[in-house]
Asks: 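Next up is a structure, given as structure tokens.
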Amino acid sequence: MAALWKLPCIFICENNRYGMGTSVERAAASTDYYKRGDYIPGLRVDGMDVLCVREATKFAADHCRSGKGPILMELQTYRYHGHSMSDPGVSYRTREEIQEVRSKSDPITLLKDRMLNNNLSNVEELKEIDVEVRKEIEEAAQFATTDPEPPLEEIANHIYRNDPTFDVRGANLWIKYKSAS
């Protein structure tokens with residue numbers, strides 16, 4: 001439908017090389033996910049390179065804004081940890097593989113190195129940013145773990161922005177909640 005109606009839509013497939021504990025090579029006959037749109041053009045993008053993603057996104061946005069319809073971006077990334085609490089992440093790949101990818105293509109490290117090599121920043125500035133970010137993360141985590149849950153009556157609040165209130169069915173079929181904007 002998106003191709004038929006030439007909708008200005010960017011579809012993103014985040015390919016981190018493993019679906020749960022199965023490598024993409026073992027799970028798909030074709031791992032060229034960016035080509036699977038048939039009538040939708042696709043791009044394969046190095047999702048570990050911040051600047052590559054930025055430029056590909058600019059290209060995709062220009063494509064859509066020019067009236068050419070949708071586009072698919074396959075962002076090739078890598079996840080360093082397991083998929084969930086029950087997935088240690090090392091039963092289907094080695095610790096060495098994970099360390100190698102992290103040492104050669106970590107997005108933050110690559111961007112820092114690029115910024116330093118091109119004199120866009122210095123080590124001190126980057127350390128200050130790192131300290132600020134870690135502090136912000138710690139404060140957000142603290143807030144998330146200590147802030148009380150909202151009352152159940154507010155479960156349907158802020159679902160839609162400007163629509164009139166409506167009934168929302170919750171886990172208990174006999175209780176109706178009113179939405180609020």
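We use all heavy atoms of the structure for the numbers below, so side chains are in, but hydrogens, waters and symmetry mates are not.
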Asks: Consider only side-chain N and O atoms of D106 and Y78, and report whether a donor and an acceptor are under 3.5 Å apart.
Replies: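 Y78 and D106 do not have a side-chain donor-acceptor pair below 3.5 Å.
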
Asks: Honestly curious: do I12 and L43 fall in one hydrophobic cluster under the side-chain, below-4.5 Å linking rule?
Replies: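 Linked within one cluster.
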
Asks: Can you list every salt bridge (Lys or Arg N to Asp or Glu O under 4.0 Å) pair that touches residues 81-91, not counting sequence neighbours?
Replies: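 Counting only pairs at least two positions apart or across chains, the salt bridge (Lys or Arg N to Asp or Glu O under 4.0 Å) contacts touching residues 81-91 are R79-D87.
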
Asks: Drop me the distance from I40's CD1 to F11's CZ, to the nearest 0.5 angstrom.
Replies: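 Here the interatomic distance stands at 5.0 Å.
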
Asks: Output the rest of the hydrophobic cluster of M1: all Ile, Leu, Val, Met, Phe, Trp and Tyr residues reachable through side-chain heavy-atom contacts under 4.5 Å, sorted by chain and number.
Replies: L4, W5, L7

Asks: To the closest 0.5 Å, what do you measure between NZ (K104) and OG1 (T109)?
Replies: 14.5 Å

Asks: Scan residues 111-127 for pairs that pass salt bridge (Lys or Arg N to Asp or Glu O under 4.0 Å), counting only residues two or more places apart or in two chains.
Replies: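 Residue pairs with at least one partner in residues 111-127: D49-R114.
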
Asks: Are K135 and E139 within salt-bridge range, i.e. N to O under 4.0 Å?
Replies: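 Looking at E139 together with K135, the answer is yes, because their closest N to O distance falls below 4.0 Å.
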
Asks: If Ile, Leu, Val, Met, Phe, Trp and Tyr residues are connected whenever their side-chain heavy atoms lie under 4.5 Å apart, and connections chain through other members, are L75 and V101 in the same group?
Replies: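 Looking at the clustering, V101 is in a separate group from L75.
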
Asks: Only one of N118, N119, L111 passes side-chain contact (heavy atoms from CB on, under 4.5 Å) with M115; say which it is.
Replies: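 Only one option passes, and that is L111.
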
Asks: Applying salt bridge (charged side-chain N to carboxylate O under 4.0 Å, His left out), name anything that partners E25, two or more places apart in sequence or on another chain.
Replies: none

Asks: Nearest 0.5 Å please: distance from the OG atom of S121 over to the CD1 atom of I129.
Replies: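 Interatomic distance, S121 OG to I129 CD1, rounded to 0.5 Å: 5.5 Å.
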
Asks: Name all residues meeting the ring-ring contact (aromatic ring centres under 6.0 Å, His included) criterion together with Y18; count only those two or more places apart in sequence or in a different chain, and write none if there are none.
Replies: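 Partners of Y18 under the ring-ring contact (aromatic ring centres under 6.0 Å, His included) test: Y92.
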
Asks: If hydrophobic clusters are built from ILVMFWY residues whose side chains come within less than 4.5 Å, do I108 and I98 share one?
Replies: no

Asks: Rounded to the nearest 0.5 Å, what separation is found between the OG1 atom of T77 and the CG atom of N16?
Replies: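 Output value for this atom pair is 4.5 Å.
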
Asks: Going only through I, L, V, M, F, W and Y residues with side-chain contacts under 4.5 Å, is there a path from V131 to V133?
Replies: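 V131 and V133: separate clusters.
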
Asks: How about E74 and Q76: do any of their side-chain heavy atoms sit closer than 4.5 Å?
Replies: yes

Asks: With sequence neighbours left out, which residue pairs that include part of residues 4-22 fulfil the salt bridge (Lys or Arg N to Asp or Glu O under 4.0 Å) condition?
Replies: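 Non-adjacent pairs meeting salt bridge (Lys or Arg N to Asp or Glu O under 4.0 Å): R17-E97.
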
Asks: So which pairs with a foot in residues 99-142 pass ring pair (Phe, Tyr, Trp, His ring centres under 6.0 Å), sequence neighbours left out?
Replies: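 Applying ring pair (Phe, Tyr, Trp, His ring centres under 6.0 Å) to every pair that reaches into residues 99-142, excluding sequence neighbours, yields nothing.
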
Asks: Taking ILVMFWY side chains as joined if any heavy atoms are under 4.5 angstrom apart, and letting links pass through other members, which residues group with L110?
Replies: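 Reading the cluster by chain and number, L110 sits alone, since nothing else belongs.
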
Asks: Taking distance alone, no hydrogens or angles, what donor-acceptor pairs closer than 3.5 Å link side-chain atoms of residues 51-58 to residues at least two apart or in another chain?
Replies:
from : atom 1 : to  : atom 2 : distance (Å)
E55  : OE2    : K58 : NZ     : 3.4
T57  : OG1    : V53 : O      : 2.7

Asks: Using distance only, find each side-chain donor-acceptor pair of residues 141-148 under 3.5 Å and give its atom names and separation, not counting sequence neighbours.
Replies:
from : atom 1 : to   : atom 2 : distance (Å)
T145 : OG1    : A141 : O      : 3.0
T145 : OG1    : Q142 : O      : 3.1
T146 : OG1    : Q142 : O      : 2.7

Asks: I need the full list of ring pair (Phe, Tyr, Trp, His ring centres under 6.0 Å) pairs touching residues 110-132, with sequence neighbours left out, sorted by first then second residue.
Replies: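 Those involving residues 110-132 do not exist here.
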
Asks: Can you give each donor-acceptor pair under 3.5 Å made by side-chain atoms of residues 59-66, sequence neighbours left out, with the distance rounded to 0.1 Å?
Replies:
from : atom 1 : to  : atom 2 : distance (Å)
H63  : NE2    : G69 : O      : 3.4
H63  : NE2    : P70 : O      : 3.3
S66  : OG     : D62 : O      : 3.3
S66  : OG     : H63 : O      : 2.8

